[in-house]
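Below, read A as the first sequence line, B as the second, and so on, with proteins coming before strands; counting in each chain starts at 1.
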Amino acid sequence: MPELPEMENYKLLLQQKIGGQTITDISINREKSINVYTETFIRQVQNQKVVEIERKAKHLLFYLENGRVLVLHLMLGGLMFYGTEEEKPDRTIQIRLSFGSENLYFIGLRLGYLHLFTQEGVKEELADLGPEPLNVNFSLDHFLELVENKRGMLKNTLVDQEFLSGIGNCYSDEIAWHAHLLPDRTMDDLDKKEKVQLYESIRFILPRATQFGGYMDQPLFKGDSKTGDYPSQAYVYDREGESCRRCGNKISKGEISSRKTFYCRECQH
DNA sequence: AGGGCAACCCGGACGC
DNA sequence: TGCGTCCGGGTTGCCC
């Protein structure tokens with residue numbers, strides 16, 4: 001479940017690997033993963049330098065020399081691996097971008113995709129995304145304004161990409177736990193103090209998760225000890241029956257809007 | 001507006 | 001080992 005922290009981690013590591021590097025070869029093994037004909041994709045992407053990598057919400061944007069942009073969304077279960085043919089995991093590869101003898105492999109793209117756009121096209125494509133919760137401009141006042149007339153459930157609000165971008169199923173639970181709030185609380189029920197705490201928890205959980213490399217179960221490259229260290233640091237996510245790191249009570253598992261939801265019924269209210 | 005739900009997709013985990 | 005079955009889960013779109 002790649003969310004903001006996973007993608008941010010990927011961005012930081014990939015910048016060092018392929019930033020400024022030229023895409024020397026391409027193989028598309030699954031045409032559904034791209035939005036143009038394979039020939040078009042290859043014509044516009046091959047021999048292009050990756051001039052910059054940016055993360056927007058759960059997307060990774062690869063800016064090419066020619067002004068085109070590759071927009072990646074891993075959706076469920078998507079992941080990347082960077083390395084040589086011999087090092088790559090024994091998984092089905094949907095797309096391979098080569099950088100000389102090393103390659104960037106895209107794996108597990110079922111609903112995920114690597115779409116090609118012009119810069120204007122990207123703007124249009126991502127126009128409906130809400131603000132970046134880690135942006136320096138995203139102040140407490142901005143947040144309070146945003147939640148002013150919100151009425152839905154806390155969890156649903158956090159994962160709503162038009163409200164805030166980048167938070168998914170895992171980190172919405174982590175944030176709610178950190179804020180001492182139950183995920184099924186409704187937004188209009190929160191008092192000022194709880195809203196302030198919620199903001200602070202968002203700003204605490206996401207960078208912390210990024211620091212631990214998020215929730216991936218595969219390293220990005222051979223010797224990568226950073227990616228995927230978060231599970232051992234998680235507060236509630238996927239910890240049903242384990243003890244709460246705050247109060248020691250057993251973590252519960254429930255369901256909200258058909259998403260599995262983890263929480264502590266003792267110290268979240 | 002917000003909740004509920006189906007559809008999308010198919011590799012991989014699991015069961016026999 | 002091998003085959004069949006089913007799950008996962010972000011996003012979109014539709015209904016109520």
Side-chain angles (χ1 to χ4, degrees), chain A residues 1-10 27-35 55-61 71-81 88-96 105-115 117 121-122 124-133 145-176 181-190 198 206 209 214-218 228 230-231 234 236-240 253-263:
Chain A
M1 66 268 34
E3 305 175 30
L4 183 153
E6 286 75 20
M7 300 313 280
E8 184 68 18
N9 174 61
Y10 270 157
S27 95
I28 307 290
N29 302 323
R30 181 176 179 271
E31 286 212 273
K32 278 184 179 174
S33 299
I34 58 177
N35 61 333
R55 181 195 57 75
K56 275 199 169 145
K58 304 174 188 173
H59 306 261
L60 225 51
L61 280 56
V71 177
L72 171 72
H73 196 311
L74 292 174
M75 297 287 262
L76 53 140
L79 62 106
M80 287 183 277
F81 183 82
K88 79 172 194 302
D90 185 22
R91 296 274 304 266
T92 309
I93 310 290
Q94 280 80 44
I95 299 175
R96 168 179 55 84
Y105 297 101
F106 297 86
I107 302 164
L109 299 184
R110 295 175 205 176
L111 300 178
Y113 53 82
L114 185 66
H115 284 179
F117 290 105
V122 175
E124 202 176 312
E125 181 71 13
L126 305 181
D128 291 336
L129 289 172
E132 286 288 335
E145 202 175 304
L146 206 58
V147 296
E148 182 73 43
N149 297 310
K150 262 285 179 184
R151 296 191 285 119
M153 268 189 263
L154 169 57
K155 186 178 178 72
N156 291 343
T157 303
L158 288 177
V159 301
D160 179 357
Q161 299 302 295
E162 293 185 35
F163 171 74
L164 265 186
S165 61
I167 300 170
N169 200 36
C170 169
Y171 298 109
S172 57
D173 284 357
E174 296 290 281
I175 290 164
L181 298 170
L182 286 168
D184 64 353
R185 284 285 294 280
T186 54
M187 294 303 289
D188 55 342
D189 178 49
L190 301 182
L198 184 57
L206 297 176
Y215 221 96
M216 306 303 298
D217 55 8
Q218 286 270 356
Y230 191 72
V236 286
Y237 188 77
D238 220 9
R239 297 192 68 237
E240 183 187 15
K253 181 183 178 182
E255 196 179 275
I256 294 178
S257 300
S258 43
R259 299 165 186 274
K260 57 180 179 176
T261 305
F262 300 89
Y263 59 97

Expressed as a whole number of angstroms, how long is the span from [X]:[atom1] to [N]:[atom2]?
X: A/Lys155; N: B/dG4; atom1: NZ; atom2: C1'; result: 16 Å
X: A/Phe163; N: B/dG2; atom1: CZ; atom2: P; result: 10 Å
X: A/Leu158; N: C/dT11; atom1: CG; atom2: P; result: 14 Å
X: A/Met187; N: B/dG3; atom1: CE; atom2: C1'; result: 16 Å
X: A/Ile256; N: C/dG10; atom1: CD1; atom2: P; result: 13 Å
X: A/Tyr215; N: C/dG10; atom1: OH; atom2: C1'; result: 17 Å
X: A/Leu79; N: B/dG12; atom1: CG; atom2: P; result: 9 Å
X: A/Glu3; N: C/dG9; atom1: CD; atom2: P; result: 10 Å

Nearest to the [X] side chain among [options], which nucleotide is it?
X: A/Lys150; options: C/dT11, B/dG2, C/dG9; result: B/dG2
X: A/Thr92; options: C/dG10, B/dG12, B/dG3; result: B/dG12
X: A/Leu76; options: C/dG9, B/dC10, C/dG10; result: C/dG9
X: A/His73; options: B/dC9, C/dT11, C/dG9; result: C/dT11
X: A/Arg151; options: B/dG3, C/dT11, B/dG2; result: B/dG2
X: A/Gln94; options: B/dG3, C/dG10, B/dG11; result: B/dG11
X: A/Arg91; options: B/dG4, C/dG9, B/dG11; result: B/dG11

A/Ser33: which of A/Leu109, A/Leu72, A/Leu114 passes side-chain contact (heavy atoms from CB on, under 4.5 Å)
A/Leu109
Picking from A/Gln94, A/His59, A/Lys32, what satisfies side-chain contact (heavy atoms from CB on, under 4.5 Å) with A/Tyr113?
A/His59
ring-ring contact (aromatic ring centres under 6.0 Å, His included) partner of A/Tyr171, chosen from A/Tyr230, A/Phe262, A/Tyr215:
A/Tyr230
Tell me whether the side-chain N/O atoms of [X] come closer than 4.0 Å to OP1 or OP2 in [N].
X: A/Gln161; N: C/dT11; value: yes
X: A/Arg30; N: B/dC10; value: yes
X: A/Asn149; N: B/dA1; value: no
X: A/Ser257; N: B/dG4; value: yes
X: A/Lys58; N: C/dG10; value: no

Heavy atoms of A/Leu158 and A/Ser172 approach each other most closely as CD1-O, 3.7 Å
By the 4.0 Å heavy-atom rule, please label A/Gly77 as base, sugar-phosphate, or nothing.
nothing
How about A/Glu145: does its CD atom have over 12 heavy atoms from other parts shown lying under 6.0 Å from it?
no
I need the A/Cys170 SG to A/Arg259 CZ distance, nearest 0.5 Å.
12.0 Å
